[in-house]
Trainee: 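I'd like to ask you about the structure that follows.
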Amino acid sequence: MVRTREFDTEAAVSRAMELFWSRGYEATSVRDLTQHLGIGQGSLYAAFGDKDGLYRAALEHYRATLAATALEGLKNGTDARSAIRTLLVERIRLAVADDGRGCLAVNAVCERLPGDPATRRTVQDMQDASRDAIAEVLRVAAERGDIAARHDPRTLAAFLVTFLNGLLVTAKITPDVRALEPLAEVALAALD
């Protein structure tokens, strides 16, 4: 007889995401996960296959929640410059939290690549979504004359995503909002 799952898998994935985010994949053992989630090893394996399956679920959860929310803010901005500034500053603040834990997606790339093609695909999808959302904001702003039209919006968006990735790594080294926020202003000068 098949046993029913006795824990909330969505809550478990969310809690696992936090643990992977603060410790990294390699430094998080199956024992750490089962203790943190309050489930048995058999339950973890039954629900997610293995540690890697739970890690994939955690990255997907990050993409569907925090990464998606960050992009939603672009649509709500009053103008392109303000919307992009808000995106950059919010990501900086998130990355410096908890003594500079950074960004789960960027951390995953730094820790798992080049040997993990599934992580590469997941993070590439997140970056493509970021680039496309920023490019659309820039395209509309350029058409309105709100920003200089001297750069292709997709190229400028790719630059901003690349800048943000570097900034998120730097946040792990220097987890200080006051040191990092002025750098966002330098990047925004590319819109002039």
Side-chain angles (χ1 to χ4, degrees), residues 14-29 32-33 36 55-56 58-74 76-116 119-135 137-138 147 151 153-192:
S14 181
R15 288 181 49 85
M17 178 191 78
E18 293 293 333
L19 192 59
F20 284 127
W21 195 353
S22 64
R23 292 189 182 175
Y25 179 85
E26 294 299 331
T28 303
S29 69
D32 295 333
L33 288 164
H36 188 73
Y55 184 69
R56 305 247 163 274
L59 278 175
E60 287 297 331
H61 181 72
Y62 183 86
R63 175 169 60 172
T65 57
L66 294 165
T69 300
L71 297 182
E72 276 299 310
L74 285 173
N76 303 329
T78 54
D79 64 89
R81 188 177 306 274
S82 295
I84 294 169
R85 178 182 291 110
T86 298
L87 171 73
L88 294 174
V89 169
E90 286 178 359
R91 299 306 294 170
I92 290 168
R93 290 181 181 164
L94 187 63
V96 301
D98 298 324
D99 198 30
R101 70 180 177 168
C103 163
L104 179 61
V106 172
N107 294 352
V109 166
C110 292
E111 183 178 20
R112 306 283 294 158
L113 297 187
D116 184 350
T119 294
R120 180 187 306 271
R121 280 189 304 277
T122 299
V123 176
Q124 183 67 55
D125 289 347
M126 283 188 242
Q127 287 197 352
D128 290 348
S130 296
R131 185 201 59 232
D132 294 347
I134 293 169
V137 168
L138 294 171
I147 64 169
H151 295 296
R154 284 186 61 78
T155 303
L156 189 52
F159 161 75
L160 290 168
V161 169
T162 302
F163 165 78
L164 179 57
N165 289 336
L167 194 61
L168 295 172
V169 171
T170 301
K172 291 179 71 73
I173 301 163
T174 309
D176 181 356
V177 171
R178 292 169 306 192
L180 300 174
E181 279 188 9
L183 302 177
E185 294 303 319
V186 174
L188 289 170
L191 305 180
D192 297 334

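Hydrogens, waters and symmetry mates play no part in the numbers below; they use all other heavy atoms, side chains included.
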Trainee: Does the pair Leu59 and Met17 meet the rule for a side-chain contact (heavy atoms from CB on, under 4.5 Å), with working shown?
Mentor: CA-CA 7 Å; Leu59 278 175; Met17 178 191 78; over 6 Å; no
Trainee: To check you understand the geometry: which heavy-atom pair defines the closest contact between Asp132 and Arg154, and what is its length?
Mentor: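 Scanning both residues completely, I find the closest heavy atoms to be OD1-NH1, 2.8 Å.
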Trainee: Examine the side chains of Ser29 and Asp32 and answer whether a donor and an acceptor come within less than 3.5 Å of each other.
Mentor: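 Yes, side-chain donor-acceptor contact under 3.5 Å.
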Trainee: Any idea which heavy atoms bring Pro153 and Ala135 closest together, and the distance?
Mentor: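 That would be CB-O, 3.6 Å.
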Trainee: I'd like to know if the side chain of Glu111 and the backbone of Gly24 have a donor-acceptor N/O pair within less than 3.5 Å.
Mentor: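 No; judged by distance alone, with no hydrogens or angles, the pair does not exist.
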Trainee: Could Asp192 and Arg81 be called an ion pair, given the rule that one side-chain N must be under 4.0 Å from one carboxylate O?
Mentor: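 Yes, charged N to carboxylate O under 4.0 Å.
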Trainee: Report yes if some heavy atom in the side chain of Asp79 is under 4.5 Å from a heavy atom in the side chain of Ile147; otherwise report no.
Mentor: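 The answer is no, as the side chains (C-beta and beyond) never meet within the 4.5 Å cut-off.
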Trainee: For the residue pair Arg85 and Glu185, establish whether any side-chain heavy-atom pair is separated by less than 4.5 Å.
Mentor: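 Yes; the side chains approach each other to less than 4.5 Å.
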Trainee: Measuring from atom CZ of Arg178 to atom CD1 of Ile92, what distance do you get when rounded to the nearest 0.5 angstrom?
Mentor: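 Between Arg178 CZ and Ile92 CD1, I get 13.5 Å after rounding to 0.5 Å.
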Trainee: Within a strict 4.5 Å, meaning less than it, do heavy atoms of the Tyr62 and Phe20 side chains meet?
Mentor: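 In short, these two side chains do not touch, never coming nearer than 4.5 Å.
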Trainee: Does some side-chain heavy atom of Arg91 sit less than 4.5 Å from a side-chain heavy atom of Leu167?
Mentor: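 No; the side chains remain at least 4.5 Å from each other.
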Trainee: Looking at every non-hydrogen atom in both residues, tell me the closest pair between Phe159 and Ala190 and how far apart they are.
Mentor: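 For Phe159 versus Ala190, the nearest heavy atoms are CE2-CB, 4.0 Å.
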Trainee: For a quick test of reading the model, state the closest non-hydrogen atom pair linking Leu71 to Ala133 and the distance between them.
Mentor: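 Heavy atoms of Leu71 and Ala133 come nearest at CD2-CB, 4.2 Å.
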Trainee: Taking Asn107 for the side chain and Gly102 for the main chain, is one N or O donor matched with an acceptor at less than 3.5 Å?
Mentor: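 Such a contact is absent between Asn107 side chain and Gly102 backbone.
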Trainee: To the nearest 0.5 angstrom, please state how far the CZ atom of Arg131 sits from the CG atom of Leu156.
Mentor: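 With rounding to 0.5 Å, CZ (Arg131) is 12.5 Å from CG (Leu156).
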Trainee: Would you compute the distance between atom OG of Ser82 and atom CG of Leu74 and round it to the nearest 0.5 angstrom?
Mentor: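 Here the rounded value is 11.5 Å.
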Trainee: What do the steps show when you test Leu191 against Leu138 for side-chain contact (heavy atoms from CB on, under 4.5 Å), and what is the final call?
Mentor: CA-CA 9 Å; Leu191 305 180; Leu138 294 171; 3.5 Å; yes
Trainee: Check whether any side-chain heavy atom of Leu87 sits under 4.5 Å from a side-chain heavy atom of Ile134, and report yes or no.
Mentor: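 Side-chain contact under 4.5 Å: yes.
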Trainee: Please report the interatomic distance CG(Asn165) to OG1(Thr170), rounded to the nearest 0.5 Å.
Mentor: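 Asn165 CG to Thr170 OG1: 10.5 Å, rounded to 0.5 Å.
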Trainee: Please report the interatomic distance CG(Leu180) to CG(Leu88), rounded to the nearest 0.5 Å.
Mentor: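 Rounded to the nearest 0.5 Å, the CG-CG separation comes out at 11.5 Å.
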Trainee: With side chains defined as the heavy atoms from C-beta onward, is the minimum distance between Tyr55 and Arg112 less than 4.5 Å?
Mentor: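 Yes, close enough: below the 4.5 Å cut-off.
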Trainee: Is the closest basic N to carboxylate O distance between Glu18 and Arg15 below 4.0 Å?
Mentor: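 Arg15 and Glu18: not salt-bridged.
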Trainee: After noting the C-alpha distance and the side-chain angles of Arg93 and Glu90, does the key distance pass the salt bridge (Lys or Arg N to Asp or Glu O under 4.0 Å) rule?
Mentor: CA-CA 5 Å; Arg93 290 181 181 164; Glu90 286 178 359; over 6 Å; no
Trainee: Do Thr174 side-chain atoms and Ala171 backbone N/O form a donor-acceptor pair below 3.5 Å?
Mentor: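 Between the backbone of Ala171 and the side chain of Thr174 there is no qualifying donor-acceptor contact (under 3.5 Å).
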Trainee: Could you check if a side-chain atom of Leu164 sits within less than 4.5 angstrom of a side-chain atom of Val106, using non-hydrogen atoms only?
Mentor: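 No. Closest side-chain heavy atoms not under 4.5 Å.
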Trainee: State, with a plain yes or no, whether a side-chain heavy atom of Val96 is found less than 4.5 Å away from one of Lys172.
Mentor: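 Result no, sub-4.5 Å side-chain heavy-atom pair not found.
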Trainee: Donor-acceptor pair, distance only, cut-off 3.5 Å: does the side chain of Asp98 make one with the backbone of Arg101?
Mentor: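 Not confirmed, Asp98 side chain does not pair with Arg101 backbone.
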Trainee: How close do Phe163 and Leu183 get, counting heavy atoms only, and between which atoms?
Mentor: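 Taking every non-hydrogen atom into account, CZ-O, 3.4 Å.
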